[in-house]
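Note on naming: letters A, B, ... go to the chains in the order of the sequence lines (proteins, then strands), and numbering restarts at 1 for each one.
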Amino acid sequence: DQQVKQNSPSLSVQEGRISILNCDYTNSMFDYFLWYKKYPAEGPTFLISISSIKDKNEDGRFTVFLNKSAKHLSLHIVPSQPGDSAVYFCAVGGFGNEKLTFGTGTRLTIIP
Amino acid sequence: KAGVTQTPRYLIKTRGQQVTLSCSPISGHRSVSWYQQTPGQGLQFLFEYFSETQRNKGNFPGRFSGRQFSNSRSEMNVSTLELGDSALYLCASSPHRNTEAFFGQGTRLTVV
């Protein structure tokens, strides 16, 4: 029962262009959404989060969009840089269920 | 402020043995969660501890157990190791429950 899905296992984007990573979830009770970035041999690093009362949150080059009706979350990175090459995980949580549920990850490769 | 520290970083064990992994959270953080990462499976939630009590448990067999000490340090134990237990085990700490989690670098366990 995959409650959080990242349907694209990999994505390649030209440097300077926009990277869009997608995440779908099944349970409308989730109300806290996060993105993590992971380099090989390191633990995931928190990037950005959004709560269900908002539909957009921006932090520098990173913007997270939330579409509650579609149960869809996306991360936009613009402009993409070579250092952005990593695996990106979305994670969801709810105030009634404190554990975070992670997606399977999307490997982003930025092409110089 | 020191980050989340996991020891050891790498471990090789034989099938049937047992193993204990250690996690020291960020100072002041009281919530510690454990995750298993295997290729293609994303981060699978194992359990969460808060104030020395297990608050949440994932869908793993009873061979996987953990505990948290009064100083918030946590240990995870896997008994009767199987080849399929080979994975990266990640520990994450949070100041409170249901806030962004900060991950350690993980322990790479190889069962042979």
> Counting only heavy atoms not in R63(B), do more than 12 sit closer than 6.0 Å to its CZ atom?
Replying inline: yes

> In this structure, are over 12 heavy atoms from other groups packed under 6.0 Å from I53(A) atom CD1?
Replying inline: no

> Which region of R9(B), side chain (C-beta onward) or backbone (N, CA, C, O), has a non-hydrogen atom less than 4.5 Å from a non-hydrogen atom of chain A, or is it both or neither?
Replying inline: side chain

> Do other residues, nucleotides or ligands put more than 12 heavy atoms under 6.0 Å from the CG atom of N71(B)?
Replying inline: yes

> So with a 6.0 Å cut-off around NZ of K13(B), is the heavy-atom count from everything else above 12?
Replying inline: yes

> Taking all atoms of both residues into account, what is the closest heavy-atom pair of L100(A) and F45(B), and its distance?
Replying inline: O-CB, 4.3 Å

> Is it the case that one hydrophobic cluster holds both V19(B) and V112(B), taking links as side-chain heavy atoms less than 4.5 Å apart, direct or via other members?
Replying inline: no

>> If I measure from the heavy atoms of chain A, does Y35(B) come under 4.5 Å with its side chain, its backbone, both, or neither?
In response: side chain

>> Does atom CZ (R17(A)) have a neighbourhood of more than 12 heavy atoms from anything else shown, all under 6.0 Å?
In response: no

> Heavy-atom distance under 4.5 Å to chain A: side chain of Q6(B), backbone, both or neither?
Replying inline: neither

>> Is L90(B) in contact with chain A via its backbone, its side chain, both, or neither, using a 4.5 Å heavy-atom distance?
In response: side chain

> Given a strict heavy-atom distance threshold of 4.5 Å, which part of A92(B) is in contact with chain A: side chain, backbone, both, or neither?
Replying inline: neither

> Got L88(B) and K38(A) here, is their nearest side-chain heavy-atom distance under 4.5 Å?
Replying inline: yes

